[in-house]
Amino acid sequence: MLKKIFYYGRENNKKTVLSIFLLVIAIFCQTATFLFVYQIIDKIVKNDLITPNFMLFCAAGILISLILQTVFYKKGLDLSHEAAYGTLMNLRISLQGKLEKLPLGVIESKGIGTLKKVFVDDIDSLELLLAHGIPEGVSNLLGIIVIYIFLIFIDWKLALLAAVTIPLGLIAVMLMYSTGSSRMADYYKSGQIMNNTIIEYVNGMEVVKVFNKSGEYYEKFRRSIINYRDFTLSWYKACWPLMAVYGAVLPCTLMANLPVGSWMVIRGYAGLSEYILVLCLSLSLGVPLLRVTSFMSMIPQVRYKIEELEKLLDNPPLKERECEFTGKDYEIKYEDVSFGYDEKEVLHHINLVIRPDTKTAFVGESGSGKSTLAKLLVHYYDVKEGTISIGNQNICDMSLRVLNNLVSYVSQDNFLFNMSLMENIRIGKPEATDDEVIEAARKAQCTEFIEKLPDGFYTLAGDCGNQLSGGEKQRITLARAILKNAPIIVLDEATAFADSENEAKIEAVLTEFVKGKTLIVIAHRLSTVTNADQIYVLKNGEVIEHGTHQDLLHLQGTYKHLWEAHQRSLEWQIAREAKK
């Protein structure tokens, strides 16, 4: 466990070691106060003369020792906190690097709640160990060892009596360690479930209320919280009695020394002066012993958290190479491509060719694999079998950066960051000037609504773009694609949230924008793809028909059935509008 912590600590480990050294000095300063007290008690017992100067000397020694203890303790903790937060930063950066290389499907399967808990809660919870547990635990352990060695030199028999409580306390610590480890997995799993459920409940509250599902989803929400409470209390209740035992026993270093040590002094087996010194030094061991056991109790939690953090993102990264694009053109080929989520295969042996400078459409019923087919092209996932190539170059043989420069993917799930609309559009081309951004927005039919906003292009989009409507967000993401100006465009229902008037405008923009580009459209409204150069019809993860709109109508197959259903839906819409 410590090996992993020091691995992530790297340049911060020197600060951790220095903080331990300073905290050890602080412990010795604290111990020095007991030595001054011993000087006073020893003179009283021996009936020696105690002068005012001697008392002032001891009082000054105690005061200076306490001041030095405070100074060294504060400086040690300052360094340990600097090292701790530097280590947490390295850990987050390391996990973020792994996260970026994972297939998007793997990330989505983890859930927002789980990832939030990992990157915020779980990593933050390591701060207590890194800033306090390790430096204070190790320094107190070293201090205890040094003090016990000193006690042995004073009188080894009395030193053994001072150590009697340690094995008793350690037995309770080990039992607590074992009990906590056996229940820890259920505790953390219930926490992850609760986080995911809370986020799902809050995000879906509108749908829940509209469809009167409050009772059902509230019960799921309530049950996840109760389960977390029950697992937590079960864990704590199993550990609390053992914590009470070692908390009461360990600091009682005089438990054996007072009765047995007194008897030894009376019988002449130990000197009175040495006995008093051992008692004083034994009293200084109470706080360090408790801090060491607190450190030991953290070990199973920290080990589990680090293992879970690494395990959570321990999935094979996307296959890629740091190579530039060397393809001869932008022809796209799917060759015997199969793909599945977990164990369920959703695409089966897909073979298709998309010629450069053409419009290709993927159509089919929901769940047929249209969007998955497009996401494989932009390398959201690795294919299970087969290859996808652009210009006869396998997309796995180029870096994600290069591939992203080749393909613009406009999804129906639009996301805007809480920054200005200008910067949201500029994501498509970070080096673009303001004029280029504004021109891209104009082409995407965005300027009409942007100019009505209080700060125009500098208006904040809000969290997840909540200051804009669905159609407006869609046009902002379309402006990104226009600004990016990639040679291959993938539109996944790009007009899904636009009304009929704006849909016509966007279609006109797209017609102009995609000239000279390879366009792939995933469409549910078949009327938007009648002019496609080729249409691939998917069903249950297979291509069952292929051709132009007219070719497919002549086949009298699935496409014609979908087309007729689409026409009927248009007639229903016209009839409904006529009644209004």
Side-chain angles (χ1 to χ4, degrees), residues 102-112 318 332-335 337-354 358-390 395 400 403-404 406-415 464 470-471 473-474 477-478 480-481 484 486 488-498 503 506-507 510 514 517-529 532 534-546 558-559 562 565-566:
L102 290 180
L104 187 62
V106 172
I107 297 172
E108 291 174 343
S109 68
K110 303 295 182 185
I112 297 174
L318 282 171
I332 300 166
K333 288 183 181 179
Y334 289 71
E335 299 178 89
V337 170
S338 296
F339 174 76
Y341 300 101
D342 296 325
E343 300 300 322
K344 182 182 179 182
E345 190 171 276
V346 296
L347 293 176
H348 317 290
H349 305 288
I350 301 293
N351 289 280
L352 57 87
V353 178
I354 300 173
T358 61
K359 178 178 179 179
T360 299
F362 298 152
V363 303
E365 298 175 348
S366 296
S368 59
K370 304 183 298 298
S371 293
T372 301
L373 204 58
K375 288 177 179 177
L376 289 176
L377 173 62
V378 290
H379 212 174
Y380 275 20
Y381 321 91
D382 280 322
V383 298
K384 303 296 183 185
E385 296 178 16
T387 59
I388 301 174
S389 62
I390 300 176
I395 62 172
L400 283 175
L403 180 61
N404 288 334
L406 293 176
V407 185
S408 283
Y409 179 70
V410 182
S411 169
Q412 56 185 321
D413 299 321
N414 306 297
F415 185 87
C464 301
K473 286 194 290 186
Q474 203 147 34
T477 56
L478 182 59
R480 284 177 184 167
K484 185 176 180 179
I488 300 171
I489 312 293
V490 179
L491 302 178
D492 190 349
E493 277 297 295
T495 60
F497 295 106
E503 180 181 0
I506 293 175
E507 287 293 338
L510 290 175
V514 300
K517 302 181 184 297
T518 304
L519 175 64
I520 299 173
V521 178
I522 296 94
H524 295 94
R525 302 176 187 176
L526 298 188
S527 55
T528 62
V529 297
Q534 53 186 344
I535 300 171
Y536 287 95
V537 184
L538 283 88
K539 185 175 182 179
N540 298 326
E542 297 180 340
V543 175
I544 58 172
E545 294 174 4
H546 169 226
T558 299
Y559 181 81
L562 293 172
H566 174 66

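The structure displayed is predicted, hence computed values, not measured ones. Atom set for the values below is all heavy atoms of this structure, side chains included, hydrogens, waters and symmetry mates excluded.
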Colleague: Hey, what do you get for NZ (Lys370) to CG (Leu373), rounding to the nearest 0.5 Å?
Modeller: 10.5 Å

Colleague: Look up atom CD1 in Ile395 and atom CD1 in Ile388, then write down how far apart they are to the nearest 0.5 Å.
Modeller: 4.5 Å

Colleague: For the residue pair Tyr409 and Ala374, what are the closest heavy atoms and their distance?
Modeller: CE1-CB, 4.2 Å

Colleague: Looking at every non-hydrogen atom in both residues, tell me the closest pair between Lys359 and Val521 and how far apart they are.
Modeller: CE-CG2, 3.9 Å

Colleague: Within the structure provided, determine whether His379 and Leu400 are in side-chain contact (heavy-atom separation under 4.5 Å).
Modeller: yes

Colleague: Mind checking whether Val490 and Ile522 have side chains closer than 4.5 Å, heavy atoms only?
Modeller: yes

Colleague: Going by ring pair (Phe, Tyr, Trp, His ring centres under 6.0 Å), name the residues that satisfy it together with Phe362, two or more places apart in sequence or in a different chain.
Modeller: none

Colleague: Which pair of non-hydrogen atoms, one from Leu562 and one from Gly364, has the smallest distance, and what is that distance?
Modeller: CD1-CA, 4.0 Å

Colleague: Kindly determine whether Thr360 and Leu519 satisfy side-chain contact (heavy atoms from CB on, under 4.5 Å), including the steps that lead there.
Modeller: CA-CA 6 Å; Thr360 299; Leu519 175 64; over 6 Å; no

Colleague: With the side chain counted from C-beta on, respond yes when Ser338 and Leu347 share a heavy-atom pair under 4.5 Å apart, and no when they do not.
Modeller: no

Colleague: Would you please test Ile354 and Gln534 for side-chain contact (heavy atoms from CB on, under 4.5 Å) and show each step?
Modeller: CA-CA 8 Å; Ile354 300 173; Gln534 53 186 344; 4.3 Å; yes

Colleague: Just wondering, do Ile332 and Thr518 contact through their side chains at under 4.5 Å, heavy atoms?
Modeller: yes

Colleague: Excluding sequence neighbours, so at least two apart, what forms ring pair (Phe, Tyr, Trp, His ring centres under 6.0 Å) with His348?
Modeller: none

Colleague: Please report the interatomic distance CZ(Arg480) to OG(Ser408), rounded to the nearest 0.5 Å.
Modeller: 11.0 Å

Colleague: In the structure I gave you, are the side-chain heavy atoms of Val337 and Asn351 within less than 4.5 Å of one another anywhere?
Modeller: no

Colleague: Can you tell me if Glu365 has over 12 outside heavy atoms packed within less than 6.0 Å of its CD?
Modeller: no

Colleague: Atom CD of Gln474 and atom CG of Leu491: how far apart are they, to the nearest 0.5 Å?
Modeller: 9.5 Å

Colleague: Other residues, nucleotides and ligands only: do more than 12 of their heavy atoms fall within 6.0 Å of NZ on Lys517?
Modeller: yes

Colleague: Is there side-chain contact between Leu526 and Tyr559, with at least one heavy-atom pair below 4.5 Å?
Modeller: yes

Colleague: Measuring from His546:NE2 to Leu352:CG, what's the distance to the nearest 0.5 Å?
Modeller: 7.5 Å

Colleague: Are any side-chain N or O atoms of Glu345 and backbone N or O atoms of Gly541, one a donor and one an acceptor, separated by less than 3.5 Å?
Modeller: no

Colleague: Below 30° counts as parallel, above 60° as perpendicular, anything between as tilted: where do the rings of Tyr381 and Phe339 land?
Modeller: tilted

Colleague: Could you walk me through whether Leu406 and Asn404 pass the side-chain contact (heavy atoms from CB on, under 4.5 Å) check?
Modeller: CA-CA 5 Å; Leu406 293 176; Asn404 288 334; over 6 Å; no

Colleague: Evaluate Ile520 against Leu377 for side-chain contact (heavy atoms from CB on, under 4.5 Å), listing each step before the verdict.
Modeller: CA-CA 10 Å; Ile520 299 173; Leu377 173 62; 3.5 Å; yes

Colleague: Under a 3.5 Å cutoff, is there a donor and acceptor pairing between the side chains of His349 and Glu542?
Modeller: no

Colleague: Is there a side-chain contact between Tyr536 and Glu545 in this structure, where contact means two heavy atoms from C-beta onward sitting under 4.5 Å apart?
Modeller: no

